Amino acid sequence: MGDAQLIVTHFCIPEHVMCVAALGEGFINKTFLVKTSARQQYILQCKNRSVFPNIPAMMENISKVTHHILSEGGNTFRLVAAKDGKWYHKDTDGEYWACFTYIPDTYTFEHAVDIDLVRAGGQGVGLFNSQMAGFTGFLEDTLPGFHNISYRFEQFAGSLKRAQSRSSDANESNGISHLEEVSLLVEEVYSRKEQMEAFWELVRSGTLPRRVSHNDTKLSNFLFDKDRQVVCAIDLDTVMQTTVLFDFGDAIRSYANPFPEDHPLLQEVKMDLERFSAFSQGYLCKAAWFLNKEEKTHLAFSALYITYEQYLRFLMDYMDGDTYYRTRYPGHNLVRARSQLALLKSMEAQLPAMQHVLSEIFNTL
Ligand code: GN1
Ligand code: MG
């Protein structure tokens, strides 16, 4: 990866750049804050080439979405062009970099600290979907199969096969192979397969309409102001035309759990119905106007679908030896997977209650 201090000089930043400092601990990209002599600061990001196969198309999608939001009078960051006019700079190592404005006086959260933040988050996700509802352009499918569970099952089967061949070669630490350790968790994946495929079929067939969706609406991908009002969605790397239910579902996974997604105390992890209700109220007050009957019917289940998918992805990455998500300690992906499974089970137990909450909200709108 090139030196961020040098890379930044390839972008059209009008102010004098003072320094470039590493920022945050993203799972996927490497992010830097660019401080200038003026109030305006910038974000410089090295995009992950192994995750995103077509970064130029991804940047084009981001540019279309941010321009559309601005044309709707909404709030968002602005991309900064490179000096050759592109929305990215490719360095001599072949890495792709993007630069965009930093929105001052904003904050991110790793998990929802209180119910007001949950409601504000709901408004944020609903606002994003609503601002994009009138978009008539075309976005490239930059991550084919991203929320396609059939594609995830194929990947999962491959990962299981690799783990099986490794475990027949030699048992790993403590005489317990990764495979033995996860065998019950693998069963939990397959016992829900048909149910999840049935939901994907609604997407594939177009029963759930294709609209612009963010596809990664966890709490930390939204900015809030000092009063904890939502400002805008960030991390638009995954914007595509799928179903907005993925956005609702992923956000419930993140906001309705009072703990972070890798919380190790499984008995504490749950889908909190009060948070579900607050998020849904916030979301629907912005988004109910454009949702059709099918979308409303399947809204609650989307939370189970996305939580299940996330469970599968963390488990798969653990079996693969942590090749996708950045981890903070050995076994982190296994802890994440177990935590997501606990959340999924809590959602399953409360699905009728979630549906009841939603119909009450629809009745009041
Ligand atoms: C990744 O990039 P980031 O950290 O916002 C992942 C999401 C997962 C999320 C889990 C491109 O999101 O799909 O839901 O981690 N993004 C990609 O925390 O795979
Ligand atoms: Mg992010």
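Whatever order the structure lists ligands and atoms in, that order sets their numbers, starting from 1. Note that the coordinates shown come from a computational prediction; the quantities given were computed from them, not determined experimentally. All residue numbers in this chain count up from 1 along the given sequence.
The part of Asn221 lying near ligand 1 is the side chain, judged by heavy-atom distances below 4.0 Å.
Of all atoms in ligand 1, listed by their number and element, those nearer than 4.0 Å to a heavy atom of Asp235 are 2 (O), 3 (P), 5 (O). Using a 4.0 Å cut-off to heavy atoms of Arg313, the atoms of ligand 1 that qualify are 7 (C), 13 (O), 17 (C), 19 (O). Listed by number with element, the atoms of ligand 1 under 4.0 angstrom from any heavy atom of Arg253 are 10 (C), 14 (O). Applying the 4.0 Å criterion to heavy atoms of Tyr324 picks out, from ligand 1, the atoms 11 (C), 17 (C), 19 (O).
Here the options are Lys47, Arg49, Lys30, the test is salt bridge (Lys or Arg N to Asp or Glu O under 4.0 Å), and the partner is Glu95; only Arg49 passes.
Comparing heavy-atom distances from atom 7 (C) of ligand 1 across Asn215, Asp216, Asp237 singles out Asp216 as nearest. Among Lys218, Gln310, Glu110, the residue whose heavy atom sits closest to atom 8 (C) of ligand 1 is Gln310.
Classified by interplanar angle (parallel below 30°, tilted 30° to 60°, perpendicular above 60°), the ring pair Tyr190/Phe153 is parallel. Note on ring orientation: taking the six-membered ring where Trp is involved, the planes of Phe199 and His298 are perpendicular (angle over 60°, cut-offs 30° and 60°). Between Phe11 and His89, the ring-plane angle classifies as perpendicular under the 30° and 60° cut-offs.
Using a 4.0 Å cut-off between charged side-chain N and carboxylate O, Arg336 and Asp317 make no salt bridge.
Between the Ser339 side chain and the His263 main chain, a donor and an acceptor come within less than 3.5 Å of each other.
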